[in-house]
2 protein chains.
Amino acid sequence: MAQGRDQASGAAGGSRAESAPPPRRGRGSRPTIGDVAALAKVSKATVSFVVNDRAGVSPAARRRVRAAMEDLGWQPNAGARALSNKRAQTLGLVMRRQPELLSTDPFFPQFVAGIETGLAPLGYALVLQVVPDEDTERQAYERLARDGRVDGVFLTDLRVDDPRPALVTELGLDALIVGPPQPGSRVPAIGVDDGSGIRRAVSHLRSLGHRRIGHVCGAEGYVHTEARRDAWRGALADAGLAEVPPVEADFTGASGARATHQLLDLDRPPTAIVYANDLMAIAGITAATGRGLRVPEDLSVVGFDDIPLADCIAPPLTTVRQDVLTWGNVAAQALAARTEGRAPEQITLPPVEFIIRSSTAPPPRGGRQE
Amino acid sequence: MAQGRDQASGAAGGSRAESAPPPRRGRGSRPTIGDVAALAKVSKATVSFVVNDRAGVSPAARRRVRAAMEDLGWQPNAGARALSNKRAQTLGLVMRRQPELLSTDPFFPQFVAGIETGLAPLGYALVLQVVPDEDTERQAYERLARDGRVDGVFLTDLRVDDPRPALVTELGLDALIVGPPQPGSRVPAIGVDDGSGIRRAVSHLRSLGHRRIGHVCGAEGYVHTEARRDAWRGALADAGLAEVPPVEADFTGASGARATHQLLDLDRPPTAIVYANDLMAIAGITAATGRGLRVPEDLSVVGFDDIPLADCIAPPLTTVRQDVLTWGNVAAQALAARTEGRAPEQITLPPVEFIIRSSTAPPPRGGRQE
DNA sequence: CCCTTATTCTAAACCGGTTTGATGAGCTCG
DNA sequence: CGAGCTCATCAAACCGGTTTAGAATAAGGG
């Protein structure tokens, strides 16, 4: 056949002026497996075998099919494939977040980016939903499951007694928890360890000489909030340090500032504070500075997340960095493997990094130290 | 044929102990339109008519179908539907971002959340891709188009001479530009106006008495970077203020600090600086403070974005807030409408807000003012 | 009462792939 | 030379919906 132009269906016609309708919106003109089969002079089945790398096709036929594919620029249609396979080749992520809090959160974009880098080479897509509350969250999972849009979902930001592991099991969705495994649930997890970062922070502060180390917690009800608080409390106990009441906050700057004042108003205020995230830590620095305290001379501050701003402020923030991008990547591969029934690769997450900048220093001598 | 049981596939079998495999992973057991039709004693076509609210079904039949749907908990399968309709009921968003910059960016999460709130009630899903560079970006669009995974895509962060409007047109994808319309392209746009926020900022500074107002630009090559710079330059000219050379930066904190030093090193340094985003502005405050300048007494600073941190730092940042959530919402509806061939509703975006906090004040008397 | 027109409903084709069962060609071997 | 195999190939059924063409029934008109 002339190698020139015999592209897809019709279309080619006379490139004359003619009133012939142009190739319908570009769409619809896409070649199908049938076109490829016809051009390669084989059946659709053979083409299918070729694209799926299955045995039973002669080298000659395989070559012809490959050439035809190339010629037509054909790639199998994802939807049709999904229908036959009963697999959508798509994974779902439902994020539940206050819209205001969303843009603070360094986790979300990084994690999504990581998932993407893991999914793209596998030919998977990611469908995303952002929901405001628990009700819509449940509906989102139900819809994803019913519609058959996804093969599996990621579960992030687990709450204590989170209903989602049970929900997805009931819905028959494959799932992967990003965080510590849920006791009593068969949903697999990639074990994120929030504790070790906090322990590193406490140990760092202790070695600087701090004896009273406070903690500003994240929003109540999340397992990572608990994990961080427990790690802090445990580290204090292990080191035989003074107990300081933890103070609740909710990851917002305002709550961080309030919590900071609360700690500094204690009879015996801490000389160092570990915050559950950077936003609260920065707000804490501002709050402390506003009271006439100097950071780090009078008060040491440790954050969590290492947001880009952390080293743009004064003083640059000592903080804990987690490689969320890699989490996403690993999670993507693990969940894809699971939906395909393959055992996931050995899962190892990179360890947290503890970034020492200038918001921590030895505690003041005597002075407020009581 | 016996009307009795011809449900889906086997399964039903003996519920005896037997080694019969349990209903495969919960999945696969989902009812189909055929099951509903059988239960309601109508044809598949009738069921289809009912779910799609089409005329030509008697009230009685309609009721029976509804009941059967309810009974079985059936909802049409999205994939099958997409295949028939040649519509995926899915929209795509490809974000090109340096992973490091991703978590800074208040735009991305908010915009995604906004899209979602617009899409969910329409039964659309969003597939997301995050890519590192221009090459993978193009591939992402090509794959989305070829696979037939999406009906349309959002185009954000337009660059000057951006190849994407032409690309998507060529790929036959419906698209919507989030930003100013591209001259010479037929791709519709929702007109985001970066300029007015900057003009507000300049006018605010001018009314405080500033005569020398500098600008730290965003990354080169983006239309919004240009728009902001042009607006700044135009506002200066309109007010007959002194020209100050704009200084290039790239939205990162480090670049913001560097740019700030560059401006302050001028023979006649500005008394106020307008930054293209908050991150650079905050880094700028830190840089200026490090040189012994006080903000706002010696230098006024205006940011752009109103990130949550903006009012947690000292001094709280005067900045421009755009309602990105609403942009996403509006964009979603507009693009969905377009893919369905409907004319989109009248598009009106909320105006930007100018948030005056404490990083701006009258310029110092005499002193550095020369 | 027959003919026309509307209405309700269904069988069958279709979307674009995958998978299965059957057919036929080419080999080996007794 | 024919039985027995293997291998390549293809037609047809299937996934779960939508859509069309036409049959069956009901209603209206002369």
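Below, chain A is the first sequence line, B the second, and so on; all start at residue 1.
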Nearest-Å distance for atom pair [atom1]/[atom2], residues [X] and [N]:
X	N	atom1	atom2	answer
A/R54	C/dG17	CZ	P	16 Å
B/D53	D/dG17	CG	P	17 Å
A/L83	D/dT18	CG	P	12 Å
A/Q89	C/dT18	CD	P	11 Å
B/K86	C/dG16	NZ	C1'	9 Å
B/I33	D/dG17	CD1	P	6 Å
B/D147	C/dG17	CG	C1'	13 Å
B/N77	D/dG16	CG	P	7 Å

Could you pull out all residues at least two apart from [X] that satisfy side-chain contact (heavy atoms from CB on, under 4.5 Å)?
X	answer
A/L119	A/L91, A/I115, A/Y124, A/L126, A/A332
B/R62	B/V50, B/D53, B/V57, B/R66
B/D71	B/L39
A/L83	B/A80, B/L83

Do the side chains of [X] and [Y] get close enough for a salt bridge, i.e. N-O under 4.0 angstrom?
X	Y	result
A/R81	B/D147	no
B/R138	B/E142	yes
A/R164	A/E170	no

Scan A/T32 against the nucleic acid and name what it touches under 4.0 Å (heavy atoms): base, sugar-phosphate only, or nothing.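 Sugar-phosphate contact only.
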
Heteroatom pairs (N/O) under 3.5 angstrom, protein to nucleotides 6-10 of chain C:
unit_1: C/dC9; atom_1: OP1; unit_2: B/S58; atom_2: OG; d: 2.9
unit_1: C/dC9; atom_1: OP2; unit_2: B/S58; atom_2: N; d: 2.6
unit_1: C/dC9; atom_1: OP2; unit_2: B/S58; atom_2: OG; d: 3.0
unit_1: C/dT10; atom_1: OP2; unit_2: B/S43; atom_2: N; d: 2.8
unit_1: C/dT10; atom_1: OP2; unit_2: B/S43; atom_2: OG; d: 3.4
unit_1: C/dT10; atom_1: OP2; unit_2: B/T46; atom_2: OG1; d: 2.9

So, is [X] close to the [N] phosphate, meaning a side-chain N or O under 4.0 Å from OP1 or OP2?
X	N	answer
B/R87	C/dC15	no
A/N85	C/dG17	no
B/R81	C/dC15	no
A/W74	C/dG16	no

As a test of reading the structure: which of C/dG17, C/dT18, D/dG17 is closest to the side chain of B/P76, going by heavy atoms?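 The nucleotide sitting nearest to the side chain is D/dG17.
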
So, under a plain 3.5 Å distance rule, would you say the side chain of A/S84 forms a donor-acceptor pair with the base of C/dG17?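 Result: at least one qualifying N/O pair found.
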
Quick check on DNA chain D: between A/A80 and B/V51, whose nearest nucleotide comes earlier from the 5' end?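 Its nearest nucleotide being more 5', the pick is A/A80.
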
Partner set under side-chain hydrogen bond (donor to acceptor under 3.5 Å, both in side chains) for [X], not counting sequence neighbours:
X	value
A/S43	A/T46
B/T156	none
A/Q182	none

Terminal axis angle for the helix from C/dC1-D/dG30 to C/dG30-D/dC1, five pairs an end, nearest 10 degrees: 60°

